[in-house]
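First listed ligand is number 1; within each ligand, the first listed atom is number 1.
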Amino acid sequence: MQILHPFAGSVQQYAEQLANPDCYRPGHCPQCQTKHPLTAHGFYTRTLIDTAFDGIIRVRRYLCQACQRTVSLLPEFVLPYLRSGLTVIALFLIARLLQAQTLNAAACAPPPMPYQRGQFWVRRFRVQAEALCVALAALTQPTSAPDFVHRTLAMLDSIGWIAAHRFLFAGVRCHLLGWPRGLAPDGRRAAFSTAAAPA
Ligand SMILES: [Zn+2]
């Protein structure tokens with residue numbers, strides 16, 4: 001299971017503080033609610049494309065000795081299962097949906113990327129917008145935009161994308177672009193699922 005790493009800062013600062021397993025060690029298991037602190041259990045690596053970073057980051061993993069399941073601490077500037085960082089996705093969605101730039105123009109903003117990737121985000125965001133709007137109403141007043149997509153973008157802008165993601169993921173286990181099918185409804189891997197991570 002993935003939970004949010006309670007760390008705010010740059011990719012570099014994140015990498016530097018990873019060395020100390022005690023720094024953000026969970027004091028209890030989120031899966032079986034045992035009251036014992038979890039045991040450090042190495043790292044996994046994942047790619048990250050951010051506005052000023054394109055490479056591999058490590059994600060710290062802990063093991064619960066009681067239920068033998070692992071918990072990984074995902075930094076809040078990434079979205080689970082997506083290679084691109086939250087800021088990159090936010091900038092693209094704003095350019096494409098709010099400023100109505102063409103797919104190609106929006107995909108050319110740094111870091112440049114294949115337009116199909118942006119198309120995928122737009123499609124997922126449209127599907128997810130109404131649920132996001134409802135969930136984010138706990139944090140801010142919905143605005144009177146013409147549709148859910150614009151209303152949600154305005155709400156994300158007023159809350160801040162990372163703060164909104166933190167609330168959605170940690171609070172209601174909601175993914176900004178929707179969980180992949182094998183992980184719906186709340187991001188926990190379903191038994192026998194072989195769902196691959198999307199781009
Ligand atoms: Zn446990």
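- Taking the six-membered ring where the residue is Trp, the centroids of Y81 and H175 are separated by 6.0 Å or more.
- Geometrically, R151 engages F148 in a cation-pi contact defined by less than 6.0 Å to the ring centre and at most 45° from the axis.
- Taking the side chain as every heavy atom from C-beta outward, L18 and F43 approach each other to under 4.5 Å.
- Taking each heavy atom of S72 and V59 in turn, the nearest pair found is CB-CG1, 4.0 Å.
- Of all protein N/O/S atoms, those under 2.8 Å from the Zn ion (ligand 1) are C29 SG, C32 SG, C64 SG, C67 SG, and waters are not counted.
- Note on ring orientation: taking the six-membered ring where Trp is involved, the planes of F92 and W121 are perpendicular (angle over 60°, cut-offs 30° and 60°).
- Screening H165, H5, R166 for a side-chain hydrogen bond (donor to acceptor under 3.5 Å, both in side chains) involving E76 leaves a single residue, R166.
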